[in-house]
Amino acid sequence: MEAIGRNQATAAQIQRLEDAAHNPLTGKEWPQDHHQLLQERRQLLAYRHYQEILDAYHKSQVMILSGDTGIGKSTQIPQLLVYDEYGSELRIACTQPRRLAATELATRVADEMGVVLGEEVGYQIRGDYMIDKHKPKKTRLTYMTEGILLRQLCVDRNLTAYSCIVIDEAHERTVDLDLLLALLKKVISRRKDLKLVIMSATLDAALFQKYFDNCPLVHIAGRSFNVKTIYLREPGPDFAVLAAAHVVDIHQHGEPGHILVFLPGENEIERVCKLVRGETDGLDVFPLYSSLPAANQRRALRSSGPNRKCIVSTNIAETSLTIKDVVYVVDSGLSRQMIFNPRLRMSVLGIRPISQASAIQRMGRAGRTRDGVCYRLYTKEGYDQMAPSTEPAIRCSSVESVILRLVAAGYRKVMDFDWLDAPHPESIARAVQDLRDWEFLDDDAKLTQSGHYAAYCPLDPIWYRAIKTAAKFGCSLDMLDIAALCTTQTSIFLRPSGYQQAADLLRTQFAHPLSDHLTHLNAFNAYMRAREALQERFSDPRSILEEWCMEKFLNMRALEEVCIAREMAARFLKGKIAPSRASVMDMTSVRNALAVALCTHTAIHYSGDVYRTVHENTDALLSPASSLVGRNHEWIVYTTLHKTGGKQQLQIATAINAEWLVDLPFFQGAIMPKTGKGLLRQPQVKKSLDDAKARMEARNERQ
DNA sequence: TTGTGGTGT
């Protein structure tokens, strides 16, 4: 390649390289479509700002790049940096919040640069990579998820393999991103030759600029196409009815072009679909949400008949999936959001207004291929009252694993760490307390050996502890499966609208009378058996497996995720924890291990369907899906405490014996919640444990 | 009488 020193390239030089007879990266001739791709790329706004971006990049260690979606930031900027960084002989990483984006961008950019995917341009996501690992210099640019870079940061705290890190979609503010930025800020102070480019939507750019000592900001103004925004004149009564009416009106009177409707969830979506179908002809209506079987999702995205298409979707179409040729957007202004309440250690799921940033993102979905229209089912005043940006995820989730990773990275002052937005102090305090209860931190908040392992284990910390505990009970492999099932957030059980009762009925074939954890395990084992049997008989059993899952109302995507999580965790645990399995005939040991490991998540039966949690001292019902409903076991452990639709629920529970709790440190007198007068707030807990103790003593005497 | 969306050498 033409000799350009590191960080000395000009836009003209790069253009010359791209116009040359041979590909400067490979020395080979360009692929046939090179010139056409180049022409398309040179139309993109991001490409047209090459020189301005290079100037800012050369001048400063950190820079922020802002601009609307669809201008080619994610594809063009990393390519530009490949040429500019060529002299450094180190790699460039470009992070993405989602796996799909990482793989698709890598594929596209490898094409545009005229190289083979996995050679000069590659990707890395969990359980899958296309990079040249053996020749360190070969892969110049790697698209990866934020989590992958965080992992690499744990191993190599100065990221010595890289000369430049590009953070894309920074405005999405995932938990991993906030942790990554905080750690990168430390890295760049140690490594002055490491460059950082943060790409974000316009609205949040100033925030990042301030965080990085007022570094330069380049804004690429303009968007690919205009979208006209139409507000409601006065607030409407029922957003579902309103949404349906807008769709019908657009279909009857509007110019050609597909319609995309944003609603909070599956229920609302199915309702609107029904309303619209009843009143239109020649309109293909598709629901779209994550628990929809993959085939139905594909149909919604790919179908292209002569009819107009209307897709009624959750937030999944806001960022994760792109629908071609959308001209109309109907935005309800609402979404379901999960917010963590640190005091109750409880997640609350509810329908809330979206942010302005999110409204803009939804609107932009109408202007990807030509000018569009966005109908907002709220007033201009309603829009003005929305929060400018979506609350960063680190502010509304539990932070046990974040704090653990932070301590593992060598930062112990977790309370006054330099965050972009700090987690709630109460969240941090809770996390530190939990990590101590789980023995990952000692009394000086120092990392223990087992805390060190938990930080590197690709499972939630509490599940690493559960596997460790299970090893003592001779069932570490059963617990590994349960851990993978619980760490994978999406449920393996489907309950499609219209088939709820059938789904509930079929679920009972896996039901374990004493445990939802074991119910999940039964279903997972059944899937693994079917998978193995089919793999022996067919070379590509995927579609048959998909059918098998469909019949049993199991979510195959979730089950495959569980498989990957399990394999990765198993690889990590090899040599650290002895593998063992409980007898199929008696899973008592698994329940006992769950009781010990999840002892901070115990609840005692109160009255009727009501349980009261020991730690938070709050009343909650078993989830209606639990196989323990109506059985009134005295003690249970649960995986999560949720609030949905105003009701507090305990999800994924297992019945346990009081005898298993009496000797645990967590249940010794001092830790029990007390009232101001020093009286036990839950005398029933004490009584139950005392009774259990008496029973144990009596048994010992008899022997 | 139940549920938005992501992610992990």
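To find a chain, count down the sequence lines: A is the first, B the second, and so on, and within it residues start at 1. Computed over heavy atoms, backbone and side chain alike; hydrogens, waters and symmetry mates excluded.
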At 4.0 Å (heavy atoms only), tell me whether [X] reaches a base, stays on the sugar-phosphate, or touches nothing.
| X | result |
| --- | --- |
| A:Q500 | nothing |
| A:S335 | nothing |
| A:I316 | sugar-phosphate |
| A:I351 | nothing |
| A:C154 | nothing |
| A:Y289 | sugar-phosphate |
| A:D460 | base |
| A:S320 | sugar-phosphate |
| A:D504 | base |
| A:T314 | sugar-phosphate |

Kindly state each residue pair satisfying side-chain hydrogen bond (donor to acceptor under 3.5 Å, both in side chains) with at least one member in residues 142-154 of chain A, sequence neighbours excluded. A:Q124-A:Q152, A:E146-A:T174, A:Q152-A:Y162
Sequence neighbours left out, what pairs pass side-chain hydrogen bond (donor to acceptor under 3.5 Å, both in side chains) with at least one residue falling in residues 563-574 of chain A? A:D481-A:R566
On DNA chain B, does the nearest nucleotide to A:S290 precede the nearest nucleotide to A:Q649 from the 5' side, or the other way round? Give the residue.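 Nearer the 5' end of the strand: A:Q649.
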Report the residue (A:S491 or A:E561) whose heavy-atom-nearest nucleotide on DNA chain B is the more 5′ of the two.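 Nearer the 5' end of the strand: A:S491.
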First contact, last contact: which nucleotides of DNA chain B are these for chain A, 5' to 3', heavy-atom distance under 4.0 Å? B:dT2 to B:dT9
Taken in chain and number order and not counting sequence neighbours, the residues that satisfy side-chain contact (heavy atoms from CB on, under 4.5 Å) with A:N555 are A:L494, A:R557, A:A558
Residues forming a ring-ring contact (aromatic ring centres under 6.0 Å, His included) with A:Y411, sequence neighbours excluded: A:F417
Derivation and outcome, side chain to side chain donor-acceptor pair (under 3.5 Å), residues A:E616 and A:T618: CA-CA 5 Å; A:E616 304 80 12; A:T618 185; over 6 Å; no
Applying salt bridge (charged side-chain N to carboxylate O under 4.0 Å, His left out), can you list everything that pairs with A:E172, at least two apart in sequence or on another chain?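 Here the qualifying residues are A:R98.
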